[in-house]
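These notes are about the structure you will find just below.
Side chains included, hydrogens not; waters and symmetry mates left out as well; all remaining heavy atoms used. Residue numbers begin at 1 in each chain, while the letters A, B, ... track the order of the sequences.
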2 protein chains.
Amino acid sequence: MIQRNTVQRRQVLEAVQQLYNHPTAEDIYEYLAERQAGLGRATIYRNLNVLCEQGLVHKIEVPDAPARFDHTLCAHYHLQCRCCGSFGDVSLPEQNRLDRAVSKETGYTAVTHDIVFSGICPECRAAGKDRSAEPKA
Amino acid sequence: MIQRNTVQRRQVLEAVQQLYNHPTAEDIYEYLAERQAGLGRATIYRNLNVLCEQGLVHKIEVPDAPARFDHTLCAHYHLQCRCCGSFGDVSLPEQNRLDRAVSKETGYTAVTHDIVFSGICPECRAAGKDRSAEPKA
DNA sequence: GTATTATTGAGATAAATTCTCAAAGAAAAA
DNA sequence: TTTTTCTTTGAGAATTTATCTCAATAATAC
């Protein structure tokens with residue numbers, strides 16, 4: 001399975017780089033649809049997977065939401081507001097240390113992990129939108 | 001929305017406690033189906049959500065796989081083998097420290113997170129099943 | 001150029017979960 | 001304890017996200 005350098009693949013990679021705000025596959029679909037290039041959804045998903053394997057793109061699994069994709073830079077975590085859904089980066093250089101600690105404790109090798117922190121952003125906090133602070137039942 | 005104490009809700013909670021190995025909703029469905037109690041899937045999903053809100057059950061979001069549910073004990077992380085899929089606990093008491101660090105860095109409040117580490121278990125390693133070590137393309 | 005074979009795209013399919021809504025049944029009120 | 005209220009149930013439809021199918025297309029190698 002030798003990879004080919006197709007127009008579509010380049011367009012998907014370019015879209016992830018342009019849409020720097022962690023686009024979903026659907027975001028990319030719409031972005032490319034607006035620009036003449038009418039890529040099919042299957043093509044977008046397929047190429048995102050290929051680009052992930054190549055290490056050019058990083059897939060972020062978000063709880064209860066579609067996966068997002070990140071232009072690969074240095075390792076970092078992500079943070080999402082439980083109220084408004086805003087999504088961003090967190091710099092907290094713990095990745096290697098945690099992976100090593102888990103490997104040492106369990107005997108597993110090639111350990112990796114991602115984290116999507118969940119919290120209430122300052123804006124929602126100020127606006128009193130924080131429903132997680134309300135009594136549950 | 002006052003919660004009612006139904007037979008079904010108790011059965012779902014009991015199933016999560018009995019199936020201590022991080023069951024999926026489907027595991028619970030089958031477990032209860034085998035025991036006379038023919039709960040509908042909708043009922044199981046609904047009750048798992050309620051029990052999570054009540055803090056009696058913890059939902060574990062697993063990348064590229066159905067969610068698993070954990071009888072709530074003290075906070076801990078999870079670890080999955082990329083080869084055989086085996087799934088288990090990891091004790092690494094970092095939760096509070098990381099949440100506080102993210103809160104301090106970003107101004108977000110009520111920060112929480114989960115981690116599902118991914119690695120190769122010693123058995124798969126020994127059996128040479130580690131496909132992630134092979135060249136990619 | 002021609003042959004080989006990865007890639008595309010439209011739509012079908014799959015997997016996980018939620019929604020719909022009439023019937024059933026807790027809990028509260030009378 | 002009867003009635004009223006309103007949450008919950010369950011079967012199946014619907015939704016969402018993502019993958020698969022397969023004939024047509026197009027990169028690459030020869």
Side-chain angles (χ1 to χ4, degrees), chain A residues 1-16 22-33 35-54 56-70 80 85 87 116 135-137, chain B residues 1-16 22-33 35-54 56-70 80 85 87 116 135-137:
Chain A
M1 178 76 86
I2 294 119
Q3 304 289 356
R4 286 179 183 177
N5 180 18
T6 62
V7 181
Q8 291 89 343
R9 185 116 70 216
R10 271 178 271 123
Q11 287 177 317
V12 170
L13 176 57
E14 189 185 306
V16 175
H22 313 292
T24 64
E26 191 64 20
D27 291 336
I28 293 165
Y29 177 80
E30 287 165 15
Y31 174 86
L32 291 174
R35 291 171 168 60
Q36 72 282 334
L39 300 214
R41 284 194 175 75
T43 301
I44 290 174
Y45 279 103
R46 250 186 323 241
N47 280 309
L48 285 169
N49 287 338
V50 171
L51 293 167
C52 282
E53 283 174 19
Q54 295 180 333
L56 294 171
V57 164
H58 179 70
K59 183 177 185 177
I60 311 166
E61 304 272 358
V62 186
D64 298 312
R68 289 164 174 265
F69 296 87
D70 206 355
Q80 184 167 41
F87 196 95
V116 177
K136 280 291 167 49
Chain B
M1 178 75 86
I2 293 119
Q3 304 290 357
R4 287 183 180 173
N5 179 18
T6 62
V7 180
Q8 291 88 342
R9 185 116 72 216
R10 271 179 272 122
Q11 288 177 317
V12 171
L13 176 56
E14 190 185 304
V16 175
H22 313 292
T24 63
E26 191 64 19
D27 291 335
I28 293 166
Y29 176 81
E30 287 166 15
Y31 174 86
L32 292 175
R35 291 170 168 60
Q36 71 282 337
L39 301 214
R41 283 194 175 75
T43 301
I44 291 174
Y45 279 102
R46 250 187 323 240
N47 280 308
L48 285 170
N49 288 339
V50 171
L51 292 167
C52 281
E53 281 173 21
Q54 295 180 333
L56 295 172
V57 163
H58 179 70
K59 183 177 186 178
I60 312 166
E61 305 271 358
V62 186
D64 298 311
R68 288 164 174 266
F69 295 87
D70 206 355
Q80 184 168 41
F87 196 93
V116 178
K136 279 292 169 50

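- In this structure, A/Ile28 places its CD1 atom 11 Å from P of D/dA18, rounding to the nearest Å.
- You'll find the side chain of A/Ile60 reaches within 4.5 Å of the side chain of A/Phe87, heavy atoms only.
- For A/Glu14, there are no side-chain hydrogen bond (donor to acceptor under 3.5 Å, both in side chains) partners at least two apart in sequence or on another chain.
- Scored by the ring-ring contact (aromatic ring centres under 6.0 Å, His included) test, B/His58 finds no partners at all (sequence neighbours excluded).
- Here the P atom of nucleotide D/dA27 and the CD atom of A/Gln11 are 12 Å apart, to the nearest Å.
- Defining each end axis of the helix from C/dG1-D/dC30 to C/dA30-D/dT1 as the rotation carrying four pairs' C1' atoms onto the next four, with five pairs an end, the two axes are found to diverge by 40° to 10 degrees.
- Taking atom CG on A/Leu48 and atom P on C/dT7, their separation rounds to 14 Å, with Å as the unit.
- As a whole-Å value, the separation of B/Tyr29 OH from C/dT17 C1' is 14 Å.
- Between B/Asp64 atom CG and C/dA16 atom C1' there is a gap of 13 Å when expressed in whole angstrom units.
- In this structure, the side chains of A/Asp70 and A/Val57 stay at 4.5 Å or more apart for every pair of heavy atoms.
- Nearer to the 5' terminus of DNA chain C, by closest-nucleotide assignment, is the contact made by A/Arg9 (compared with the other of B/Ala25 and A/Arg9).
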At under 4.0 Å between heavy atoms, which parts of nucleotides 23-30 of chain C does protein reach? Answer with one letter per nucleotide, 5' to 3': B base, S sugar-phosphate only, - none. --BBS---
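- At least one side-chain nitrogen or oxygen of B/Tyr45 sits closer than 4.0 Å to the OP1 or OP2 atom of C/dT17.
- Note: CG (A/Asp27) to C1' (D/dT17) measures 13 Å, nearest angstrom.
- Listed by chain and number, the residues in a side chain to side chain contact (heavy atoms under 4.5 Å, CB included) with A/Arg9 are A/Gln3, A/Thr6, A/Asn47, A/Val50, A/Leu51 (sequence neighbours excluded).
- In this structure A/Glu30 satisfies the side-chain hydrogen bond (donor to acceptor under 3.5 Å, both in side chains) test with no other residue, sequence neighbours excluded.
- Among residues two or more places apart in sequence or in another chain, the side chain to side chain contact (heavy atoms under 4.5 Å, CB included) test is passed with B/Asp64 by A/Lys59, A/Glu61.
- By the salt bridge (charged side-chain N to carboxylate O under 4.0 Å, His left out) test, B/Arg10 is found to be paired with no residue, residues two or more places apart in sequence or in another chain being considered.
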Pairwise N/O distances under 3.5 Å, protein to nucleotides 10-15 of chain C:
none

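- Proximity of B/Asn49 to the phosphate of C/dT18: a side-chain N or O atom is located under 4.0 Å from OP1 or OP2.
- Checked against side-chain hydrogen bond (donor to acceptor under 3.5 Å, both in side chains), A/Arg4 has no partners two or more places apart in sequence or in another chain.
- Distance, B/Ile44 CD1 to C/dT18 P: 13 Å, rounded to whole Å.
- Taking B/Arg68 as the reference, nothing meets the side-chain hydrogen bond (donor to acceptor under 3.5 Å, both in side chains) condition, with sequence neighbours excluded.
- With sequence neighbours excluded, the residues that form a side chain to side chain contact (heavy atoms under 4.5 Å, CB included) with B/Tyr31 are B/Ala15, B/Gln18, B/Leu19, B/Arg35.
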